[in-house]
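Here is the naming used below: chain letters follow the sequence lines, and residue numbers restart at 1 for every chain.
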Amino acid sequence: MTDTPSSSPTEHPHRYTAALAGLIEREWQERWETFGTFRVPNPGEQGFDGTRPKKYILDMFPYPSGVGLHVGHPLGYIATDICARYLRMTGHNVLHAMGFDAFGLPAEQYAVQTNQHPRTTTYNNIATMKSQLRRLGLGHDPRRGVATTDPAFYKWTQWIFLQIYNSWYDASVGKARPISELRAALQTGSIGTRSGRAWDELTDAERREEVDSRRLAYLAEVPVNWCPMLGTVLANEEVTAEGRSERGNFPVYKRPLKQWMMRITAYSDRLAADLSTLDWPEPIKLLQRNWIGRSEGADVEFSVHPPPGTRSGALTITVFTTRPDTLFGATYMVLSPEHPLVDSLIGSEPPAGFRAGVFPGYQDRMTPAEAVATYRAYAKSRTDDQRREAKDKTGCFTGSYAVNPVNGHRIPVFIADYVLMGYGTGAIMAVPGHDDRDHEFAAAFDLPVEKVVQPSGGEAPDGCFAEEGIACNSPPVGESPYTINGLATPEAKRHIIAALESAGAGRARTTYKLRDWLFSRQRYWGEPFPIVFDEAGVAHDLPESMLPVLLPELKDFRPESSEDPAAPVRTPLARASDWVNIELDLGDGPRRFTRETNTMPNWAGSCWYYLRYLDPENDSALCGTDAERYWMAGRAPGATTGDGRGVDLYVGGVEHAVLHLLYARFWHKVLYDLGHVSTIEPFQRLFNQGYIQGYAFTDARGAYVEASEVLLPDGTRAVENQDHPGPYSYNGRPVTREYGKMGKSLKNAVSPDEIASSYGCDTLRLYEMSMGPLEASKPWNTRDITGSFRFLQRVWRNLIDEQTGASRVSDIASSRETSRVLHKTILGVRRDMESLGYNTVVSKLIEFNNHLGSLPSVPLEAARALILMLAPLAPHISEELFRRVIGGSSSSLAFEPYPIGDPALAADDEIEIPVSIAGRPKHRIRVSPGLDAAALEAAAMADPKVRELIEGKTLKKVIVVPGKMVNLVLA
RNA sequence: GCCGAAGUGGCGGAAUGGCAGACGCGCCGGAUUCAAAAUCCGGUUCCCCCUAAAGGAGUGAGGGUUCAAGUCCCUCCUUCGGCACCA
């Protein structure tokens with residue numbers, strides 16, 4: 001590690017060195033802990049001051065990894081800590097805490113690797129991480145630091161699951177309601193049964209089916225993403241675009257399995273619509289909107305043309321389209337190969353002038369039945385990867401024709417795998433003139449193309465025109481209710497939909513890409529479900545009194561990992577037979593049950609942890625009403641309204657844009673509907689911090705080598721001089737440099753402990769904030785840290801005598817100049833603090849401190865302001881300076897009022913105004929700051945140099961911006 | 001392919017449409033010192049130039065709007081991130 005610049009202790013015994021910084025930091029961390037400085041009382045608790053407004057400042061829930069932190073991890077934590085400290089000093093009650101998201105795959109994998117129980121490794125990791133975080137001086141409320149693996153925590157995760165399980169989405173009012181109300185409504189008939197039969201006529205099993213099929217948490221046999229290497233299923237959101245697992249990058253296969261699902265799709269509309277109320281970065285909102293994938297269109301019914309000599313005429317195929325205005329151009333139809341109607345569609349009609357099959361293995365002699373069977377087998381054999389790579393259109397004719405409802409044309413029906421069963425209705429009307437995919441398919445099959453839309457103000461182009469335009473080529477007015485010639489696309493859509501509705505052939509519909517959330521995992525280290533199955537295999541929810549359902553002890557907790565995608569699925573918990581098989585009395589006497597042996601996914605705990613921070617010790621509710629109303633809704637006890645902002649600032653990485661943030665919003669909305677929380681959204685303001693990146697090095701085989709051991713030609717370490725272009729070597733062998741996100745996998749991690757030991761954590765905090773804007777990704781450069789360290793040294797030296805350790809500050813009045821610099825600094829720093837512009841806060845403080853360094857003696861007023869402004873960023877040195885220089889009785893400056901700037905005192909006596917000729921600055925004049933436009937122009941024209949510049953030329957125009965500039969435009 | 005973000009000195013970066021390069025790193029020079037470290041002071045976009053003054057060019061490329069563009073608009077290039085036959 002770098003040697004810290006230091007002086008001999010005898011020369012400067014009280015210089016701010018790494019050793020002194022370490023002493024100060026340890027001492028103040030202990031004091032904060034002893035005094036409970038960052039413990040914040042809840043409403044009703046001793047010390048609570050309801051007159052102060054609240055702020056809830058939150059970091060994304062950290063995962064306690066086994067390998068410790070690198071300097072990239074605390075970037076956001078430092079930022080929220082600075083924010084929280086600033087808000088405390090500006091008169092807010094601040095909730096700022098950090099717990100641990102400790103269930104889940106990585107913890108379990110780490111336990112497997114090190115051959116320990118996940119509980120052991122998890123709690124060890126939490127302890128390690130807590131001490132690393134403590135060393136950074138983060139002002140968290142310690143009693144709120146919950147872990148999802150604590151039974152006292154996951155009791156409430158299970159409780160929330162039961163709330164979701166025991167509710168249904170009432171679309172007529174657009175919210176979740178208790179399942180008991182559904183049962184009552186079905187009974188009275190105010191809600192019809194799915195089967196259309198009366199409730200009284202149904203058997204118990206049928207009634208249960210009616211209810212269960214509407215629950216927000218339900219069991220379903222669905223095609224899931226099965227990852228045999230992880231031995232578990234994954235949610236859609238956990239599978240990458242390449243069809244591999246986000247964790248571990250293992251192959252993922254589709255496979256049908258009975259699993260717990262969450263009906264997040266019921267909330268699609270609200271999840272999309274409420275984004276507009278949030279103060280989030282637009283790209284993140286867009287990411288969520290795209291994931292939800294709302295699209296408006298219509299369902300259109302096509303009746304199947306009965307083949308001559310048959311009597312089956314009642315078959316209709318429903319398609320979804322976003323372009324009902326192109327219905328006149330629908331020249332064929334396509335169903336997904338998995339569509340349930342395919343079997344009944346197989347006919348014997350000959351293809352009328354088009355090719356009946358295009359796919360490997362197709363032969364002209366095949367009957368439609370043979371072709372369909374062969375094609376389905378072919379489509380099934382193709383993996384998602386193969387489908388993505390080969391985009392050539394394949395498919396085959398079913399031997400049937402359908403009728404286009406708007407013009408009665410007879411159009412052939414195909415199956416093709418470019419139509420997905422999982423979206424819309426799994427069937428489309430194909431408009432090759434106005435859809436690129438349909439166009440490609442039509443080209444491959446020699447199908448007719450008809451143009452029914454033209455660009456507004458232009459000829460219809462050759463090929464395919466997929467954009468909006470003007471409808472054309474529909475029948476003349478009066479001949480058809482569907483006539484839309486001349487209408488622009490939006491009007492044409494409306495007209496067609498209305499006509500379809502009155503003809504009973506279709507209706508407006510909105511669909512979503514979002515799928516229901518797969519909520520089961522076949523792992524050990526997760527929350528058990530509060531569900532048991534009776535001997536008939538019927539699921540029963542456990543009463544609240546039986547919570548928590550504790551995770552059983554297991555010697556062998558490993559999942560059954562396999563490379564075979566067809567290997568049987570067995571959960572680790574199924575091996576705990578004493579736990580699985582139980583006798584319970586659920587109200588009708590003791591009966592035998594077996595427990596659900598899946599566990600919940602990692603996301604469960606992180607979906608609601610921010611609510612537990614509010615009231616971590618509550619044993620009778622997930623959090624108390626008063627605490628929830630105060631910290632989330634901003635309602636002080638007794639008040640009837642609040643700001644309803646929820647979490648005021650939520651800082652975390654962009655990688656959670658769709659996963660965590662979508663799931664948590666969903667749970668929060670369910671809890672809101674059921675009356676358990678009082679805000680519609682959990683996180684009002686979201687901020688995505690950037691990544692810290694670094695150079696990484698690969699050897700000849702392309703393997704990463706330890707970046708800290710790579711040398712430059714002169715034998716120095718490459719990390720000490722990142723500007724050096726190389727060549728680089730590792731153990732005497734040449735290596736190549738790359739640039740990427742800091743982390744274990746690139747072997748370029750820098751530990752915060754290492755930096756804190758060499759410079760102190762105040763320097764580390766300051767450096768991380770100086771690197772650039774919080775939201776930007778930026779390269780770590782160890783060499784630059786010294787700048788932040790030297791700044792703190794200069795602050796210390798300006799205020800403390802390095803020989804004696806005594807204060808050098810004198811109780812004298814500030815000069816006019818110092819006062820002006822001081823107030824300018826305060827005003828600027830406050831503005832930047834509000835916008836999280838901590839990089840420019842640091843530079844303003846450096847400038848201010850440099851000014852103080854030029855003075856013979858630092859006035860007390862300036863010293864005090866400097867210390868308090870520095871305190872959120874570098875809290876330890878600031879506490880120590882405050883104690884030594886300002887003194888006073890308080891145990892910490894954490895609640896000292898933040899300096900307030902006075903614009904009058906910040907005003908300059910005289911300012912310099914640039915005078916430009918044709919926009920190019922040529923000269924500067926000194927004027928008093930208050931001059932209006934006319935006076936400023938007069939001052940410029942009176943200046944001898946300006947007169948010289950424009951001499952002999954004609955002035956065409958003069959632009960004057962008071963306080964800014966004068967621009968002279970010459971003819 | 002579609003969507004999003006970003007391109008500014010040797011490096012990290014700063015700049016409500018109004019003096020481009022604040023602040024820091026590095027580098028150069030000076031003071032201090034027996035010497036060094038540390039510290040302090042000064043300089044540091046590029047070109048022209050012994051130097052300075054004075055010029056000129058300059059924010060990925062090319063156009064445009066404007067008295068004035070790093071900033072707004074259009075086209076393109078590069079890098080990074082997301083999605084991927086979503087009807």
Residues which pass side chain to side chain contact (heavy atoms under 4.5 Å, CB included) with A:P962, listed by chain and number, not counting sequence neighbours: A:A933

Partner set under salt bridge (Lys or Arg N to Asp or Glu O under 4.0 Å) for A:D269, not counting sequence neighbours: A:R294

Per-nucleotide protein contact string for nucleotides 19-26 of chain B (B base, S sugar-phosphate only, - none; heavy atom under 4.0 Å): BS-BSBSS

Contacts of A:A508 that satisfy side chain to side chain contact (heavy atoms under 4.5 Å, CB included) - sequence neighbours left out: A:I497, A:E501

P-based separation of B:rC77 from B:rG13 [nearest Å]: 25 Å

Side chain of A:P283 (C-beta onward), nearest among B:rG13, B:rG4, B:rA87: B:rG4

Chi class for B:rG82: syn within 90° of 0, otherwise anti: anti

Partner set under ring pair (Phe, Tyr, Trp, His ring centres under 6.0 Å) for A:W780, not counting sequence neighbours: A:Y767

Electrostatic pair A:R323-A:D325, nearest N-O below 4.0 angstrom: yes

Do any N or O atoms of the protein come closer than 3.5 Å to N or O atoms of nucleotides 73-75 of chain B, and which pairs are they?
none

Distance between P atoms of B:rA69 and B:rU79 (Å, rounded): 30 Å

Under-3.5 Å donor-acceptor pair between A:K393 side chain and B:rC85 base: yes

Residue list, salt bridge (Lys or Arg N to Asp or Glu O under 4.0 Å) with A:R926, at least two apart or on another chain: A:E910, A:E912

N/O (side chain, A:R920) to phosphate O (OP1/OP2, B:rC67) under 4.0 Å: no

Nearest-Å distance once atom P is located in both B:rU44 and B:rA20: 16 Å

Of the listed nucleotides B:rG56, B:rA87, B:rC67, the one nearest the side chain of A:T321: B:rA87

A:R830: salt bridge (Lys or Arg N to Asp or Glu O under 4.0 Å) partners, not counting sequence neighbours: none

Sequence-distant partners of A:T804, side chain to side chain contact (heavy atoms under 4.5 Å, CB included), two or more places apart: A:D801, A:A806

Residue-phosphate contact under 4.0 Å: A:K957 side-chain N/O, B:rC67 OP1/OP2: yes

Contiguous pairing runs of three or more, Watson-Crick or G-U under 3.5 Å, that involve RNA chain B: B:1-7 with B:77-83, B:10-12 with B:23-25, B:26-31 with B:39-44, B:45-47 with B:55-57, B:60-64 with B:72-76

For A:D417, all residues meeting salt bridge (Lys or Arg N to Asp or Glu O under 4.0 Å), sequence neighbours excluded: A:R382, A:R387

Sugar-phosphate, base or nothing in reach of A:K513, heavy atoms under 4.0 Å: base

Side-chain H-bond candidate by donor/acceptor type, A:Y728 with A:T736, under 3.5 Å: no

Contacts of A:I959 that satisfy side chain to side chain contact (heavy atoms under 4.5 Å, CB included) - sequence neighbours left out: A:K957, A:V961, A:N967, A:V969

Nearest-neighbour nucleotide for the A:I959 side chain, B:rA87, B:rU39, B:rC67 considered: B:rC67

Pairwise P distance for B:rG62 and B:rU71, with rounding to whole Å: 13 Å

